[in-house]
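Scroll down for the structure; my scribbles are underneath it.
Just so it is clear: chains get the letters A, B, ... in the order the sequence lines come, proteins before strands, and each one is counted from 1. On a predicted model such as this, the values are computed, not experimentally measured, just so you know.
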Amino acid sequence: MASSIENNNEKLTLKSSDGEEFLVEKHVALQSTLLQNMLDSDCSSADVIPLPKIDARTLALVLGYCKKHADASSSKQGELNSFDSEFLKDMDMGALFNLVLAANFMEIKGLLDIAAQKIADTIKDKPHQEVREIFHVENDYTPEEEAAVREENRWAFEGFP
Amino acid sequence: MLLSCPVHLHHFIYLFISTPSPPLTTTQTQTAPKAAAMSNGGTLPMDIVIDILSRLPVKSLCRFKSVSPEWNSLIFVPYFAKAHLNRAKTQNLKNLDQKIIIISTHHNLYLVDFADVNPTITILADFSSVRIRVLSSCDGLLLVSLVDNSNFLWNPSTREYKVLPTCPFALGPVRGVFRDVYGVGYDSSTDDYKVLKVVYNETETDSPTERGITIGAIYSLKTNAWRKIQDTIDYVPFWTTSCGVFFSGCLHFLCWKRTGSFVIVAFNLSDEIFREVLLPASFCEFEILDYRVAVVGGCLCLADLGRSYVIETTGGWMMKEYGVRESWTKFPIDVPKRF
């Protein structure tokens, strides 16, 4: 029989797409709106919650972010800001994409926000050909169409190949 | 003579899908309708791609139209433009009024960026063959008049423009003193940008209190048409110093009332009613011609620019609480060294 005290220290288990399980304190999990809704709707915390779209490496990062923000909710905002920028500092584009997808799926607004901003800051000054590759976009333009669109926006290409 | 109007250049408005005359627009009409049936753009779902793109400066976006037809049409759709504008507005609250467009010698438009320690000045556009006037601005859209009195809306961030159709209403008899003033603003109730044109005709023989009539017409960007305001207007706008200043859903003009006093008139773009914003109680009306309506630091202001050529500091009035006459507060303005 679980007492109310035990309930406060409740933990839940998350399972990544590659089968790794993570034991997470409830107040950390509440950073995610998705998990919050599941807990609110009487989803038993004894169950393992599968997250089939998120691999272990990404989930570890996400939970690191959640823990910092859950524990630091009463501390200074500046400290969290510097944590956020340090957190994303040397992350490659693949990891950022995984992170933004995980934050979107788990509905962690703050994480989605900083990861999307980091991606935007990274691609801002890149040539469009490189952005095309980063986002895996298929180029459906004919060479003539592409030249025409480029000509319309010629001013934006100063200094670009 | 310098005329300045504050504009946030981050603001990004793709309203001009029907951009009339630049060459090579044929590809636009082919690609634009595709937007609704957007598929997954790659590894990220489209809503996340939109989120990321809405954080980019206009110059990057114009370059990334070349990524694919899908991205091109995505950057065209109105809800994307709105997301971009709203984000720019929120972010700009922190560094308000850092970018200003200045028109000089009626030919060139300059952008002055005060975000740097050393403000930078760049030429935005060179109208060396035509004489232009910037009449009004809203959300980074400029309402510009050419020497032949034709008007166009221009988004300098994207270099797009739209020529306004000629106002079809004969706005009063063309004799005696004639003046027209304009303003551009945003009507949130219909999600539309509107241009207000107010025309005053003064006939020579009428008595001072009865002379002349003021009438108006409204242009809607959505319908691309002019509509006449039914009632005649009880105010006479100043010609040289009054261009419509958009603030809090209204276009503001300095006007002369038929009772002989002066007032700021606020035209609400949603209910299309003229209301009065009273001048400060201790305002010296003899100096009214030196003043311009302006928006500074998120407040409606009266700025004394008339003497800025002879003294180094001038002043203004700031309406700290919009619509409350008692909240008018004096503030000093430093006049920058001449360029």
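Taking the six-membered ring wherever Trp is involved, the centroid distance between the rings of Phe97(A) and Phe135(A) falls below 6.0 Å. You'll find the ring centres of Phe160(A) and His128(A) outside the 6.0 Å limit.
Interface residues of residues 50-61 of chain A toward chain B, defined by a heavy-atom distance below 4.5 Å: none.
With a 4.5 Å cut-off on non-hydrogen atoms, Ile48(B) touches chain A through its side chain but not through its backbone. For Lys126(A), the part lying under 4.5 angstrom from a heavy atom of chain B is the backbone only.
Between chain B and the options Asp125(A), Val131(A), Leu112(A), the largest number of non-hydrogen pairs under 4.5 Å is found for Val131(A). Chain B forms more heavy-atom pairs under 4.5 Å with one residue of Gln129(A), Glu158(A), Lys118(A), Lys124(A) than with any other, namely Lys124(A).
Between Lys68(A) and Glu79(A), at least one side-chain N (NZ, or NE/NH1/NH2) sits under 4.0 Å from a carboxylate O, which counts as a salt bridge. Salt bridge annotation for Asp113(A)-Arg55(B): present, with a cationic side-chain nitrogen under 4.0 angstrom from a carboxylate oxygen. By the 4.0 Å N-to-carboxylate-O rule, Lys67(A) lies close enough to Glu25(A) to be salt-bridged with it. Comment: Glu146(A) engages Arg132(A) in a salt bridge, judged by a side-chain N to carboxylate O separation of less than 4.0 angstrom.
Of the possible donor and acceptor atoms, one in the side chain of Tyr65(A) sits under 3.5 Å from a partner among the backbone N and O of Leu111(A). Judged purely by atom type and a 3.5 angstrom limit, Thr13(A) has no side-chain atom pairing as donor or acceptor with the backbone of Val48(A).
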